[in-house]
Amino acid sequence: MKHAPMTGPTGMPGGNKPPLRVILCSPRGFCAGVVRAIDSVERALALYGAPVYVRHEIVHNRYVVDSLRAKGAIFVEELDEIPQTNAPVVFSAHGVPKSVPEDARLRNFITLDATCPLVTKVHREAEIHFRRGREILLIGHSGHPEVVGTMGQLPQGAITLIQTIEEARAFVPKDADNLAFVTQTTLSVSDTSEIVGVLRARFPAIVGPHREDICYATTNRQDAVKRVAPLVEAMVVVGAPNSSNSQRLKEVAERAGCPYAVLLQRAADIDWTRLGAIASLGVTAGASAPEVLVEEMLDAFAQRYDLQVETMAATEENMFFPLPRPLRPEAAE
Ligand code: SF4
């Protein structure tokens, strides 16, 4: 990406702008689950026409939600906000409790499930543990829609939420030999492995996934931030405050030694005073933040600094999830 010299505050080309080394973390931004969810709403609008109802923000990003709203999507938090309709109802990437599709069926809604396949995988794991009679722990954050959705796959009380290492230390099982755990997909890799470490030490027979359920996108974005954070004086994470994986990127940057990490939704949110006289900056984006917002952020920095932009890659990504079956092109033929 080339940021051409711009007219500085002095009116001179380039002005007296100080140099700024910018390291872009790679991978960053949209993951395969987010692409699939957004494409699901766009495809539903193309197939069925507007409006298309979407339960909860399809992904946690205001820019994305506003863009889809402008095309005819109507966002609701619960199904009871939707009038009786023939318009389809899309479930967000975070997944829903079992009661939601059941309510939708009772109301004869056409439903399209944009739950990320990696979240659905966690739902299935929890169901299997339940069928095998295991007591289930879910490592995650209370109130996050993914956690609400996963807990809602099973009867109330079947899953206990563990949010911290202290809770892992204090947990008292009904039967220590009959335990299982699953995790939210967007957690901090290091925090989660500490919690799992405590559980495995206390309950050696506990059953769980080999490498937690943290998804590839969360892991890769955190790896990239870990590489860049020690090299820069500040790190901008482009993302929304309610985006779990974006919040974790900010924490990872801080822990990896970056003196100032900040989560920003738009360039207008940059606190220039707080940034001070930096000479190096890392930039990343949460899995629900579009690249156009990263570009907007870079353009804002280019107004004040003479940018030298480079990219530091932790790994290559080529994950792709097909659309929900009713939205695939062959289904429309
Ligand atoms: S962050 Fe991971 S689990 Fe969430 S939508 Fe993206 S790929 Fe799926």
Side-chain angles (χ1 to χ4, degrees), residues 25-43 54-65 68 90-97 112-126 138-141 143-153 181-193 208-225 237-252 263 284-291 293-294 314-324 327:
C25 301
S26 175
R28 62 177 178 278
F30 279 4
C31 60
V34 160
V35 169
R36 175 179 184 267
I38 295 169
D39 285 354
S40 294
V41 178
E42 291 193 329
R43 179 90 181 128
V54 184
R55 185 188 176 276
H56 193 66
E57 291 184 345
I58 185 75
V59 301
H60 285 159
N61 188 276
R62 195 192 300 159
Y63 180 91
V64 171
V65 167
L68 293 172
V90 183
F91 302 148
S92 78
H94 315 94
V96 292
L112 300 165
D113 189 358
T115 302
C116 177
L118 300 182
V119 174
T120 303
K121 177 172 155 279
V122 179
H123 293 179
R124 296 292 89 82
E125 283 171 25
L138 167 61
I139 303 169
H141 296 293
H144 189 278
E146 185 186 322
V147 165
V148 174
T150 300
M151 295 191 79
Q153 298 305 303
F181 76 89
V182 294
T183 81
Q184 194 178 331
T185 57
T186 51
L187 299 175
S188 150
V189 172
S190 55
D191 285 355
T192 309
S193 80
H210 288 301
R211 281 189 42 136
E212 292 95 46
D213 295 301
I214 298 171
C215 74
Y216 80 97
T218 299
T219 307
N220 291 347
R221 279 149 193 71
Q222 289 180 18
D223 281 350
V225 165
V237 180
V238 183
N242 59 342
S243 158
S244 171
N245 79 84
S246 303
Q247 288 284 4
R248 302 295 83 78
L249 291 176
K250 174 177 173 288
E251 291 168 8
V252 166
L263 177 60
T284 187
S288 44
E291 185 65 12
L293 298 185
V294 174
T315 186
E316 289 257 320
E317 275 183 3
N318 49 17
M319 189 69 82
F320 167 76
F321 298 136
L323 286 170
L327 294 174

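Order of appearance sets the numbers: ligands from 1, and atoms from 1 within every ligand. Counting from 1, the numbers follow the sequence of the chain as shown. Below, all heavy atoms of this structure are taken into account, side chains as well, without hydrogens, waters or symmetry copies.
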Problem set entry | Subset of ligand 1 atoms that lie under 4.0 Å from at least one heavy atom of Tyr216 | 7 (S)
For this session: Report the residues that fulfil salt bridge (Lys or Arg N to Asp or Glu O under 4.0 Å) with Arg55, sequence neighbours left out, ordered by chain and then residue number.
Result: Glu78
Exercise. Quick one: salt bridge (Lys or Arg N to Asp or Glu O under 4.0 Å) partners of Asp191, sequence neighbours excluded?
Worked result: Arg255
Problem set entry | Non-neighbouring partners of Arg211 that pass salt bridge (Lys or Arg N to Asp or Glu O under 4.0 Å), sequence neighbours left out | none
Exercise. If only atom types and distance count, is the side chain of His60 paired as donor or acceptor with the main-chain N or O of Asn242 below 3.5 Å?
Worked result: yes
Exercise. Is Glu291 salt-bridged to Arg28, going by a charged N under 4.0 Å from an acidic O?
Worked result: yes
For this session: Just the protein N/O/S atoms under 2.8 Å from atom 8 (Fe) of ligand 1, please, no waters.
Result: Cys116 SG
For this session: Measure across Val64 and Ser288 and return the closest heavy-atom pair with its distance rounded to 0.1 Å.
Result: CG2-O, 4.1 Å
